[in-house]
Q: 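Take this structure first; my questions come after.
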Amino acid sequence: MSFESGFQLGRRRTLATMAGAVATLALPRIDFAQPAAVKNRYPAKVLDLVGRSVVIDMLAPLKIDFRPEAYSAPLTEADAAMFLSSGITAFHNSVGVGGAGAYEDALQFIAAWSGFVGRAADVFCLVGRAEDIEHAKARKKIAVIMGLQNADEFREPKDVKAFYEVGLRCAQLTYNTQNLLGSGSTERVDGGISDYGEQIIKAMNEVGMLIDVSHSGDRTTLDAIELSPKPIAFTHSNCRALNNHPRLKTDEAIRKLAAKGGVMGITGVRNFVKDKEPTTVEDIVDHIDHVVKLVGIEHVGIGTDSDLMGYDHMPPDQYEKLKAGYKSSYAFRDKIDTDGFDHPRKMYDLTAALLRRGYGNANIQAVLGGNFRRLLGSTWIDIKNKTGDKS
């Protein structure tokens, strides 16, 4: 989802808060063992599976909070424990920026959250190469992938390499509306990828930046898959065959994504999961089942489109502002989070639900992160050596 308006408002206050942002972080020693609350809630098989898996949430802002204090304040002991007990190995920290100030806002976002990660080095580490994800897990840290949910920040093709060099590893081509590259999912008319969009796709492939079209319209989505020689991603979307929502992907798009080796991340946003109540974690698994039956287990993963606490924990003023930023076609209901998938340990609940559906250990590990790990290894490259990950 987009944090453009809130982030732009916060940007005006950034210089005033930068002095506080560089405060020295003095975290206590963290116990990396799972707390009793986790051990007592979940079966041993669930704990073991999550513990052994590389779990990648391919759309997970570290904090859904529009205030500069979200990234400038030191990480609290409670928040550190929350991240470390989530079972998630890697967070794709990505927001929507757009409009005339997109270039500056995108740079500020990367700088602000890279600084947050760096000041909490006992807990987090930034990801530059795919193998950094395993290195983080081995060190009992949380890997952070920097991303953006739009491409307005690319003023010209050479900006792609410049953003890669400051840490950007994934970018959506469009958000919900039209930009210079193509159309978003809630535009009335979708004209597909423009000539300029084709240039950006080429530049992203050359530097090894993952292309994402989660919010793109149907024609733009299909064009991007066709134009990219490398596989791309729907980092956070669901299946329109199960829920007729414009932000979701058609079976045609899912098939073509898979045919090129891409991966689709299933989201827990309530109105994307189901159009009526109840809406639970079991309904999320329905979308996983649909992709598996359509194209195979190797093309589905998780992109929650939420932070660990979820949208429904936001301050009321921010919550209403966020909802107001979308067209009526988004069909928000009273709640945004899905029941059973609305808390910091939701990956354990999802794993338990997959086990109930009869998924085996290897397939669950593929869904939890193995498939996205493979995709990142094949698309991210060393721009000096022009080589991909060999794992």
Side-chain angles (χ1 to χ4, degrees), residues 30-34 38 45-60 62 80-94 113-114 116-118 120-147 164 167-170 207-210 212 230-231 233 235-236 261-265 297-304 308 344-348 350-351 354 360-391:
I30 300 296
D31 179 9
F32 291 105
Q34 287 291 5
V38 179
K45 186 170 184 179
V46 170
L47 296 172
D48 178 65
L49 256 178
V50 174
R52 288 191 291 109
S53 300
V54 171
V55 181
I56 300 175
D57 189 338
M58 207 52 204
L59 202 290
L62 295 179
M82 178 180 68
F83 277 104
L84 292 168
S85 66
S86 70
I88 299 172
T89 310
F91 288 70
H92 176 207
N93 184 45
S94 181
W113 286 100
S114 296
F116 174 83
V117 169
D122 286 357
V123 177
F124 300 109
C125 62
L126 283 173
V127 170
R129 303 174 301 169
E131 57 264 36
D132 293 340
I133 296 172
E134 283 88 2
H135 294 164
K137 186 173 182 66
R139 296 179 176 96
K140 298 184 173 62
K141 291 186 179 184
I142 303 295
V144 178
I145 301 164
M146 297 301 295
Y164 180 93
L168 187 65
R169 290 296 180 268
C170 179
V207 303
M209 187 182 294
L210 180 64
D212 182 9
K230 290 185 179 181
T235 62
H236 59 299
V263 179
M264 177 176 184
I297 190 72
E298 62 269 37
H299 300 290
V300 64
I302 305 298
T304 64
L308 285 178
R345 291 153 191 160
K346 54 195 164 192
M347 290 300 183
Y348 293 95
L350 178 65
T351 300
L354 289 167
N361 291 2
N363 285 344
I364 291 174
Q365 289 186 293
V367 172
L368 289 178
N371 290 333
F372 269 125
R373 171 61 182 86
R374 182 190 69 250
L375 179 66
L376 296 178
S378 66
T379 56
W380 289 354
I381 60 172
D382 183 332
I383 59 175
K384 292 181 180 179
N385 300 319
K386 298 285 185 180
T387 56
D389 177 36
K390 301 300 183 182
S391 62

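The model shown is predicted, which means the values in this text are computed figures rather than measured ones.
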Q: Looking only at non-hydrogen atoms, find the nearest pair between Gly261 and Leu375 and report the distance.
A: O-CD1, 3.9 Å
Q: Taking atom NZ of Lys140 and atom CG of Asp122, what is their separation to the nearest 0.5 Å?
A: 14.0 Å
Q: Could I get the full list of side-chain contact (heavy atoms from CB on, under 4.5 Å) partners for Thr89, not counting sequence neighbours?
A: Val54, Val55, Ile133, Lys137
Q: Could you grab the distance from atom SG of Cys125 to atom NZ of Lys141, nearest 0.5 Å is fine?
A: 6.0 Å
Q: Taking only residues two or more places apart in sequence or in another chain, which ones pass side-chain hydrogen bond (donor to acceptor under 3.5 Å, both in side chains) with Thr379?
A: none
Q: Short question: side chain of Arg169, backbone of Trp380 - any donor-acceptor pair under 3.5 Å?
A: no
Q: Please confirm whether the backbone N or O of Val263 pairs with a side-chain atom of Asn371, one donor and one acceptor, at under 3.5 Å?
A: no
Q: Do Met146 and Leu126 make a side-chain contact, defined as non-hydrogen atoms from C-beta onward lying under 4.5 Å apart?
A: yes
Q: Roughly how far, to the nearest 0.5 Å, is the CG atom of Asp212 from the SG atom of Cys170?
A: 4.5 Å
Q: Quick check against the 3.5 Å criterion: does His236 have a side-chain atom that pairs as donor or acceptor with the backbone of Gly303?
A: no
Q: List the atom of Ile381, the atom of Tyr164, and the distance in Å for their closest heavy-atom pair.
A: O-OH, 2.8 Å
Q: Does Asp132 use its side chain to pair, donor to acceptor, with the backbone of Arg129 at less than 3.5 Å?
A: yes
Q: Any side-chain heavy-atom pair from Leu308 and Ile88 closer than 4.5 angstrom?
A: yes
Q: Is there side-chain contact between Ile297 and Val367, with at least one heavy-atom pair below 4.5 Å?
A: yes
Q: If the condition is ring pair (Phe, Tyr, Trp, His ring centres under 6.0 Å), which residues does Phe124 pass it with, not counting sequence neighbours?
A: Phe83, Phe116
Q: Check side-chain hydrogen bond (donor to acceptor under 3.5 Å, both in side chains) between Asp57 and all other residues, then give those that pass, not counting sequence neighbours.
A: Thr304
Q: So, does Asn93 use its side chain to make a donor-acceptor pair with the main chain of Ile145 at under 3.5 Å?
A: no
Q: From Leu210 CG over to Thr235 OG1, what is the distance, rounded to the nearest 0.5 angstrom?
A: 8.0 Å
Q: Going by the rule side-chain hydrogen bond (donor to acceptor under 3.5 Å, both in side chains), which residues pair with Asp48 if we only count those two or more places apart in sequence or in a different chain?
A: Arg52
Q: Which value, rounded to the nearest 0.5 Å, describes the distance between Ile302 atom CD1 and Leu59 atom CG?
A: 12.0 Å
Q: Less than 3.5 Å apart, any donor N or O on the side chain of Ser85 or Arg345 sitting next to an acceptor on the other?
A: yes
Q: Can you list the residues that meet the side-chain hydrogen bond (donor to acceptor under 3.5 Å, both in side chains) rule with Glu298, with sequence neighbours excluded?
A: none
Q: Over all heavy atoms of both residues, which pair between Arg373 and Ala130 is shortest? Give the atoms and the distance, please.
A: NH1-CB, 3.3 Å
Q: Taking all atoms of both residues into account, what is the closest heavy-atom pair of His299 and Gly262, and its distance?
A: ND1-O, 2.8 Å
Q: Of all the heavy-atom pairs spanning Gly147 and His92, show the shortest one and how long it is.
A: CA-NE2, 3.4 Å
Q: Please round to the nearest 0.5 Å and tell me the distance separating atom CZ of Phe91 and atom OG of Ser86.
A: 4.0 Å
Q: Between Leu376 and Met58, what is the shortest heavy-atom contact and its length?
A: CD2-CE, 3.9 Å
